[in-house]
Amino acid sequence: MKVFVVNAGSSSLKYQLLDMRTETVLATGLVERIGEAIGRVTHKRFPDTEAEEKTVFDEAVTDHKMAMHRVIDLITAPDTGVIAEKAEIDAIGHRVVQGGEVFNRSIIIDTAVKEAVRANNPLAPLHNPANLVGIEVAEALFNGTPNVAVFDTEFHQTMPARAFLYALPYRYYKELRIRRYGYHGTSHKYVAGQAARLMDRKPESTNLITVHLGNGCSMAAVAGGRCMDTSMGMTPLAGLMMGTRSGDIDPAIIAYIAHQQGLGVREIDDLLNKESGLKGICGANDMRDIHARADRGDDMARQALEMFAYRVKKYIGAYVAVLGRVDAVVFTAGIGENDDVIRAMICQDLDGLGIRLDEEKNRTRGGARPIHAADSRVALWVIPTNEELQIARDTVTAVSTSAPTG
Ligand code: ADP
């Protein structure tokens, strides 16, 4: 079965074509700057030994439909392609950011599903509309091929009300659907599944803290394969300190800034999402740059690193309390997978929680690997995330278990 995974953003279209019999990637790529004067298309096919990558900057990619046409051309053309015709694709899996409370699993897309996704647009105004465009373009260009929606929020739908409700007047939950939804669900689900497998344990009896540290950062407390709590909230702004997002702050700060500086809600929203986090503290949001600055003696870069690691450590403590017993802490995404310094800072002095890092193992590079000391009560793992593979798996499951309703 060949599954085409699509992640449509407001001006981009990311794709991956996988052969699910072997779970191998056949081709992957990205169309960027959709709607701008000159677009950019990056495409890579496997298993060419050189894993040749083709980048084309040539003409405007006016809209997502044109972007999808370009991608179909690339994956079917003799010199760049991996299939002879698009009809070889058995299903299309779409990343959809916000599934609200309606979707706790991936589902074949029909009119009712699209309506429900659209109804969630106010909760994710930057993402869901773009995801819907991707769906509609795929429906138009892949006539009759099932399209499946895989939601970033679905893994977190198992959270109990005590974890997902905010202590606001209850009517805000009922009327405006204000609650914790959580994001990065496919990543947390993927690494949680991998961790149980790698530890040779049953997922149903494994308790995990999954730590996704990329540009966006989030954590989840996972008991027996079910999410019990997560750090992102109604939006991805909550929780950990991120590249440019503040994570948790005292909510009264917003009114204070508005009052002191005469800023409107939009401007404050931008401030918290785009100018805060690591960037707000030290001026840089790429972790590699921050380390380079800290190594050169930049005190604010060092401060940012300390704050970043401290916030993760605090959430580990909180999630140990949520779960009662923790079998493993799993680090993933750009920083979680690659940054041994941050992992060491996070795990420092956690002996009281049964967490002990092996410094040498922590410095190793490569794929999935344990990094805990022999006497650590809690296992520590680095597991590379693979959201596309999880989307493709969930697409296969949806296609093989459900039928469209409308
Ligand atoms: P996204 O959330 O956009 O998918 P990624 O998971 O790719 O992001 O993570 C991006 C972050 O990972 C950036 O802060 C980047 O600096 C960091 N990163 C990538 N490689 C390394 C590395 N070798 N060491 C430290 N940080 C890294």
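Both counts, for ligands and for their atoms, begin at 1 and track the order of listing. None of these values were measured; they are calculated from a predicted model.
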Item to complete: Under the side-chain hydrogen bond (donor to acceptor under 3.5 Å, both in side chains) rule, collect the residues that match up with Tyr173, sequence neighbours excluded.
Response: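 Scan of Tyr173 (side-chain hydrogen bond (donor to acceptor under 3.5 Å, both in side chains), adjacent residues dropped) gives Glu101.
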Discussion item. Using the salt bridge (charged side-chain N to carboxylate O under 4.0 Å, His left out) criterion, which residues pair with Lys274? Sequence neighbours excluded.
Written reply: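 For Lys274 the salt bridge (charged side-chain N to carboxylate O under 4.0 Å, His left out) partners, ignoring immediate neighbours, are Asp270.
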Practice prompt. With sequence neighbours excluded, tell me which residues meet salt bridge (charged side-chain N to carboxylate O under 4.0 Å, His left out) with Arg293.
Written response: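 By the salt bridge (charged side-chain N to carboxylate O under 4.0 Å, His left out) rule, Arg293 matches no residue at all.
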Worksheet entry | Residue pair Ser11 / Glu36, side-chain donor-acceptor N/O under 3.5 Å |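 Absent: no donor and acceptor within the cut-off.
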Discussion item. Are more than 12 heavy atoms, taken from residues, nucleotides or ligands other than Arg369, located less than 6.0 Å from that residue's CZ atom?
Written reply: yes
Discussion item. Quick check on Arg177: does its CZ atom have over 12 non-hydrogen neighbours (other residues, nucleotides or ligands) under 6.0 Å away?
Written reply: yes
Fill in: Per-ligand residue contacts, ligand 1, heavy-atom threshold under 4.0 Å
Gly214, Asn215, Gly216, Asn285, Asp286, Met287, Arg288, Ala333, Gly334, Ile335, Asn338, Asp339
